[in-house]
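One structure below.
It should be emphasised that the depicted structure is a prediction, and the values quoted were computed from it without experimental measurement.
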Amino acid sequence: MTGQENKRPNELIEHAPVTLRRYRAEDVDALFGAVTESLDHLRPWMPWAADYSRASAQEYLARSVRDWDEGTAYNYAILTAIGGGSALAGGIGLMTRCGPGGLEIGYWVHRAYVGRGLATAAAAALVEQAFGLPGVGWVEIVHDELNVASGQIPRKLGFTEAGRRPLDPPPPSGTGTGVAWRLKKGKH
């Protein structure tokens with residue numbers, strides 16, 4: 001960002017080793033492929049992965065366009081050149097669901113890209129974008145308390161644990177208790 005506060009995050013964000021690109025309707029094949037190749041990895045923690053289908057991908061992309069236009073969520077494909085070419089390695093979004101003054105980051109990564117720092121890089125990029133938006137004073141990341149891997153990301157980025165709350169719906173392999181991590185503007 002250029003120092004001026006934008007009303008929306010950038011649609012394309014470069015933050016090595018990832019590029020975040022606003023989802024488009026034509027991402028349906030790449031999104032469906034990435035999720036279905038990772039279902040065993042995603043289902044334990046992501047309730048939306050339980051009955052995932054091509055129609056699920058299409059609905060998500062259509063909702064992503066609407067949410068962006070309404071300013072309620074900003075969803076991105078996580079793209080990487082790791083392994084050659086450009087692959088959809090996951091998804092990440094900024095959501096307004098945590099209340100006025102804050103944005104929540106949610107993410108998932110294709111099983112082939114786990115442990116490569118892509119979610120951490122993508123989350124760092126969205127923290128920068130979030131703090132460039134008017135009225136945003138903090139960012140949250142929430143995950144089930146048993147999802148230790150997901151909890152490493154906010155820890156690496158300097159978030160502090162802000163509390164615990166029920167997750168609705170709870171993930172199949174979790175306790176249903178979410179750990180909420182918070183980073184305040186100016187602390188990153």
Side-chain angles (χ1 to χ4, degrees), residues 1 5-15 17-39 41-43 45-81 85-114 118-136 138-144 147 150 153-154 167-169 171 178:
M1 301 209 175
E5 290 191 339
N6 295 320
K7 292 186 179 182
R8 299 198 189 281
N10 295 334
E11 293 187 22
L12 184 68
I13 306 162
E14 298 283 344
H15 193 97
V18 298
T19 298
L20 306 183
R21 182 184 41 74
R22 179 182 173 182
Y23 274 120
R24 304 183 287 230
E26 57 267 25
D27 290 328
V28 67
D29 291 332
L31 177 61
F32 179 68
V35 172
T36 55
E37 291 168 10
S38 303
L39 282 174
H41 165 71
L42 296 173
R43 279 187 178 134
W45 307 113
M46 305 293 176
W48 55 261
D51 296 316
Y52 197 78
S53 66
R54 185 173 176 79
S56 302
Q58 291 169 322
E59 290 166 14
Y60 173 77
L61 293 172
R63 187 172 59 251
S64 290
V65 169
R66 281 192 313 272
D67 289 349
W68 190 289
D69 292 343
E70 293 169 1
T72 58
Y74 306 101
N75 294 309
Y76 295 86
I78 299 173
L79 306 172
T80 187
S86 180
L88 194 149
I92 192 163
L94 276 173
M95 299 154 283
T96 59
R97 65 184 178 200
C98 60
L103 290 172
E104 182 178 335
I105 295 175
Y107 43 81
W108 65 272
V109 177
H110 185 293
R111 65 179 167 83
Y113 296 97
V114 171
L118 302 184
T120 303
L126 285 192
V127 165
E128 290 175 18
Q129 291 289 307
F131 289 144
L133 299 173
V136 176
W138 46 274
V139 176
E140 276 191 358
I141 293 175
V142 181
H143 64 87
D144 188 274
N147 190 345
S150 200
I153 294 164
L167 296 174
D168 184 26

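Residues Val35 and Trp48 are in side-chain contact: their nearest non-hydrogen atoms beyond the backbone lie under 4.5 Å apart. At a threshold of 4.5 Å between non-hydrogen side-chain atoms, the residues Trp68 and Glu11 count as touching.
Between Tyr60 and Tyr23, the two ring planes are perpendicular [angle over 60°; tilted spans 30° to 60°].
Across all non-hydrogen atoms, the minimal contact from Leu126 to Gly93 is CD1-C, 3.9 Å. A pairwise comparison of heavy atoms in Val136 and Ala130 identifies CB-O, 3.3 Å as the closest pair. Ala87 approaches Tyr113 most closely through the heavy-atom pair CB-OH, 3.3 Å. Nearest heavy atoms, Leu118 versus Ala89: CD1-CB, 3.8 Å. When every heavy atom of Gly102 is checked against every heavy atom of Cys98, the shortest pair comes out as C-SG, 3.5 Å. Of all heavy-atom pairs between Ile13 and Ala125, the closest is CG2-CB, 3.9 Å.
Partners of Ala121 according to the side-chain contact (heavy atoms from CB on, under 4.5 Å) rule, which considers only residues two or more places apart in sequence or in another chain, are His15, Pro17, Val18. Ala49 meets the side-chain contact (heavy atoms from CB on, under 4.5 Å) test with Leu39, Leu42, Arg43, Met46; sequence neighbours excluded.
Between Asn10 atom CG and Gln129 atom CD the span is 4.0 Å, to the nearest 0.5 Å. Atom-to-atom distance recorded for Leu12:CG and Arg22:CZ is 12.0 Å, nearest 0.5 angstrom. Remark: Leu88 CG to Ile78 CD1 distance equals 8.0 Å, nearest 0.5 Å. Note that the CG atom of Asp27 and the CZ atom of Arg21 stand 4.0 Å from one another [nearest 0.5 Å]. Taken from CG in Leu94 to CG in Leu103, the straight-line distance is 5.5 Å, to the nearest 0.5 Å. For the atom pair NZ of Lys7 and CG of Leu133, the computed distance is 12.0 Å after rounding to the nearest 0.5 Å.
The main-chain N or O of His110 is never found under 3.5 Å from a side-chain atom of Ser38 such that the two would form a donor-acceptor pair.
Evaluation of the salt bridge (charged side-chain N to carboxylate O under 4.0 Å, His left out) test over residues 50-68, restricted to residues two or more places apart or in two chains, returns Asp29-Arg54.
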